[in-house]
Each structure stands twice: as structure tokens, then as C-alpha cells.
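The block underneath contains the structure these notes are about, expressed in C-alpha cells.
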Amino acid sequence: MTSSGRSLKLTQPGKRPVPMIESSSSETLVSGDEVKALIHWFHQYAIDYPWGDNPTPYRVWISEIMLQQTVVSAAIEHFIQWMKLFPDIMTLARADEQAVLKAWEGLGYYSRARNIHKGARYITDSHSGIIPGSYDELIKIPGIGDYTARAILSLAFSQAFPVLDANVRRIGQRLLALREWQVRDDKRLLIQLESLIPHDSPGVFNCALMQLGQILCRVRSPECSLCPLSKSCQTRTLGLQGEIPAAKKRKIKEKESTLLLLASRGTVLLTRRNKGLGKGLWFIPSVPRGTEQPLLEALTEGTAEVLTLQERVHLYTTWKERLFPFLVVLKDVSRDIPSWVLSHEDDDAAWIQVSELDSYPTPSVYRKILEEIPPLF
DNA sequence: AATTCGGGGCA
DNA sequence: TGCCCAGAATT
């Protein structure tokens with residue numbers, strides 16, 4: 001059974017524009033010789049990664065989730081540390097979510113970490129702790145979608161599933177010289193790859209394509225002269241490397257926030273988000289910039305001392321947020337929790353020893369601010 | 001089909 | 001600074 005049956009419905013021919021040039025290999029994307037050249041190129045120039053030499057289902061699963069929307073160099077160190085902390089599924093399933101999120105700190109897209117944690121418990125309960133080797137079962141695991149299921153099946157189980165990530169998609173788009181890439185092109189490309197993937201080494205084929213996209217067929221300034229697929233590449237034939245794929249513009253929303261880091265006798269007040277964006281992470285209480293005056297005055301009435309911390313910019317997905325943090329050292333004994341601190345629904349708040357801050361998962365920019373706290377205050 | 005995700009790398 | 005990234009989930 002091919003891999004396209006479940007995840008991808010075959011579509012009708014449709015009326016998309018034909019490629020501007022009919023290549024000699026319009027049926028097979030690339031020739032059999034080029035596949036061999038690709039594999040040869042991979043064995044000669046491939047980069048070794050920590051997850052590459054021992055591709056167990058667990059290691060492939062974790063690495064593939066880490067690599068979702070994440071450049072390889074950003075994931076390597078987290079993967080190494082993760083395997084020390086959670087060497088197997090049972091250890092991961094027994095860990096608490098806070099520790100899992102802490103291990104993920106800095107990688108972003110934290111729902112990935114929560115999904116891995118949920119997935120480990122699901123695998124423990126429903127599959128006796130063994131990662132299943134079928135597409136239909138893998139796809140049920142939280143955080144595993146079409147790409148990751150295919151990656152696990154090909155890399156860890158040696159099943160002939162091609163993968164379609166940003167690298168492979170870019171290679172396909174350039175081979176066909178398509179100025180626009182539509183959803184149905186994914187299905188078309190996967191069908192083509194299914195006829196090319198070697199059944200004795202599907203993982204090598206997939207890794208070779210992905211590393212080719214990473215090393216030679218880069219988004220900007222690809223090195224076509226070294227590419228094993230250049231003969232079939234219509235983008236190279238047409239000299240359109242600078243135009244395909246076209247850059248996508250994105251819109252950024254801006255906002256400004258004042259952070260009030262309340263401190264009292266060796267502790268600081270943090271809040272944990274339990275819903276929506278940043279779920280499970282700890283934050284410094286904040287208010288929209290400009291609304292902090294009444295709060296500061298109320299706090300300084302209790303003879304608080306206010307230190308200005310370094311201004312920061314927090315970039316995440318569609319947001320650019322300027323942060324204006326202040327350390328508010330309270331002199332009175334009470335450690336009440338002001339109501340404005342709980343700005344989001346279901347927020348928690350807690351006074352935390354400064355010496356223990358390290359174990360609380362928090363977005364990177366908040367980590368930097370917390371590290372700015374002076375030793376004595 | 002479009003948007004969101006509380007990151008970081010790279011030219 | 002803008003665009004991209006070994007995508008998935010949600011709307």
C-alpha cells in the first residue's frame with residue numbers, strides 16, 4: 001500500500017497552467033541516474049547530526065518535532081540535552097510538564113513540547129510504550145502530522161514513504177519551475193517521489209533531498225553547478241533561481257508593554273499562563289505601556305524602590321513587542337498578589353525564590369530580563 | 001485556505 | 001531588518 005492513500009486524496013487533473021517548458025523527463029521529475037547521483041552526493045557531502053547515527057523511533061520523533069519550523073542549528077543542542085534528560089519514552093511520560101517545557105525553553109512553539117509530553121503518555125497507555133510503525137497510528141499522536149509520520153516511517157522503520165518538508169517542496173518547485181505553489185502541488189509531488197524513492201533505503205533518499213535543499217538548493221543563491229539534479233531542473237534551465245520561489249511578505253503587528261517585576265525578600269512574583277498563547281510558561285506581570293503610573297504609585301506608597309531594567313524587543317510570529325521592564329523592590333512585609341497581575345484568564349501567580357528561577361520555563365526574552373536581577377535587592 | 005504559534009538563524 | 005525554517009492545529 002502506498003502512503004498516499006490515507007493522507008492525500010488524489011485530485012483530478014485540474015486546470016493549473018502547464019510548466020512553461022516541457023522537459024525531457026516530464027513524467028518522472030528526475031531520472032533514475034539523477035537519483036543515484038543524489039544518493040552519491042549525499043554519501044559524499046552529508047552533514048552528520050546527533051539524531052542521524054542512531055535513528056530509533058523515539059530519537060527520530062523528538063528530532064523531527066524539534067525541527068518543525070526550526071533551523072537545524074537551533075535544534076542540535078536542545079536535542080542533545082533532551083536525550084540526557086529524557087532518554088526514553090517512559091522517562092518522558094513520567095516527567096512533569098514543567099520539566100518538559102523547561103527542556104524546550106528557547107525553541108519556541110511550545111505546544112510542540114506539550115504535545116510530545118501528551119504523546120509519550122498516549123504511547124505508554126495505548127501502545128505499551130512502543131511507537132507504532134504505521135501511518136494511521138502515528139497520525140493519531142498529538143503533534144504528529146503528515147510530514148512527521150512520513151519521517152518516522154522512512155527514517156526509523158525503513159518504509160518507503162517520501163517526505164515533503166520546506167526543502168523538498170522548494171526542490172520540487174524549482175525542478176518544475178512553478179512560480180506559485182498550491183496545496184494540490186503537494187499531492188502531485190509526493191506521488192512523483194513515491195515512484196522515485198528507493199525501497200531499500202528510503203531514509204537515505206529523504207535525508208539526501210532535505211540536505212540538498214539545505215546545502216545547495218538554498219532559498220537564496222543556490223549552487224546549481226554542484227547539484228546532482230541540475231539536468232532536470234527547469235528553474236536552472238530558465239535561469240530563474242532568483243525568482244523561484246518568490247519571497248512572501250508578512251505583516252507584523254507592534255505593541256508596547258511595561259513589565260513590573262515585583263520583588264520582596266529574595267523572591268519575585270511571576271505568573272503562569274494556563275490558557276492560549278504561552279500556555280504553561282511563566283511571565284513577568286505586564287500592563288500596556290502608559291497604564292502603569294497608578295500601579296507604580298500604589299506600590300511606591302509602600303516605600304518601594306524602582307529600578308529600571310534594560311529595554312527589550314520581543315519578536316514572536318506576527319508580533320513585535322517592545323518591553324519596558326522595571327524591578328519594583330517592595331519594602332513592606334506582605335506578599336499579597338495584586339489583582340492586576342492576573343491579567344489573563346486562568347492565570348496563576350507565585351512568589352518564587354530568585355535562586356530557583358532557573359527551573360521555571362519562560363520565553364527567552366523574559367529569561368534575559370530575569371538574569372538581570374542584581375544579586376542583592 | 002488562512003492564521004497562529006510568546007524562536008532563532010542568516011544574509 | 002525581513003524572510004525563512006526537517007509543520008501542526010485551529011478557524
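Note on naming: letters A, B, ... go to the chains in the order of the sequence lines (proteins, then strands), and numbering restarts at 1 for each one.
In this structure, A:Ile65 atom CD1 and C:dA8 atom P are separated by 7 Å, rounded to whole Å. Rounded to whole angstrom, the span from the CG atom of A:Asn115 across to the P atom of C:dA8 amounts to 11 Å. Atom P of nucleotide C:dC5 and atom CG of A:Leu67 are separated by 13 Å, given to the nearest angstrom. For the pair A:Glu180 CD and B:dA1 P, the interatomic distance rounds to 14 Å; values are reported in whole Å. Distance A:Asp146 CG to C:dA8 C1': 11 Å, rounded to the nearest Å. A straight line from NZ of A:Lys118 to P of C:dA8 spans 15 Å, rounded to a whole angstrom. Rounded to whole Å, atom C1' of C:dA8 lies 18 Å from atom NZ of A:Lys140. Rounded to whole angstrom, the span from the CD1 atom of A:Ile116 across to the C1' atom of C:dG7 amounts to 13 Å.
For residues 277-307 of chain A, the pairs satisfying ring pair (Phe, Tyr, Trp, His ring centres under 6.0 Å) are A:Trp282-A:Tyr360, A:Phe283-A:Tyr366, with sequence neighbours left out.
Of the residues in residues 197-213 of chain A, none has a non-hydrogen atom less than 4.0 angstrom from any atom of DNA chain B.
Grouping Ile, Leu, Val, Met, Phe, Trp and Tyr residues whose side-chain heavy atoms lie under 4.5 Å apart, directly or via other members, leaves A:Val219 alone, with no other cluster members. Cluster note: A:Leu277 groups with A:Tyr316, A:Trp319 through ILVMFWY side-chain heavy atoms spaced under 4.5 Å, whether in direct contact or through intervening members.
In terms of phosphate contacts, A:Arg170 brings a side-chain nitrogen or oxygen within less than 4.0 Å of OP1 or OP2 of C:dC5.
In this structure, a donor-acceptor pair under 3.5 Å is present between the side chains of A:Asn167 and A:Arg170. Side-chain polar atoms of A:Arg112 and A:Thr70 form a donor-acceptor pair below 3.5 angstrom. Defined by atom type and a distance below 3.5 Å, a donor-acceptor pair is present between the side-chain atoms of A:Asn274 and A:Asp348.
Rounded to the nearest Å, the gap between the P atom of B:dG8 and that of C:dA9 is 23 Å. Rounded to whole Å, the separation between the C1' atoms of C:dA6 and B:dA1 comes to 23 Å.
At a threshold of 4.0 Å, the pair A:Glu34-A:Lys231 does not count as salt-bridged, since none of the basic side-chain nitrogens sits closer than that to a carboxylate oxygen. We find that A:Lys140 and A:Glu137 are joined by a salt bridge, their nearest charged nitrogen and carboxylate oxygen being less than 4.0 Å apart.
Using a 4.0 Å heavy-atom criterion, one finds that A:Trp104 contacts no nucleic acid atom at all. Contact annotation for A:Ala247: backbone-only contact, meaning every heavy-atom pair under 4.0 Å involves sugar-phosphate atoms and none involves a base. Residue-level contact check: A:Val163 touches neither bases nor backbone, having no heavy atom under 4.0 Å from any strand.
Nearest-nucleotide positions on DNA chain C place A:Lys320 closer to the 5' end than the other of A:Ile141 and A:Lys320.
With sequence neighbours excluded, the residues forming a side chain to side chain contact (heavy atoms under 4.5 Å, CB included) with A:Gln353 are A:Thr267, A:Ser355, A:Glu356, listed by chain and number.
A cation-pi arrangement is absent between A:Arg150 and A:Phe161 under the rule of less than 6.0 angstrom and at most 45 degrees off the ring axis.
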* Let me have a per-nucleotide readout for nucleotides 4-11 of chain B, 5' to 3', with B, S or -, counting only protein heavy atoms under 4.0 Å. => SBBBSS--

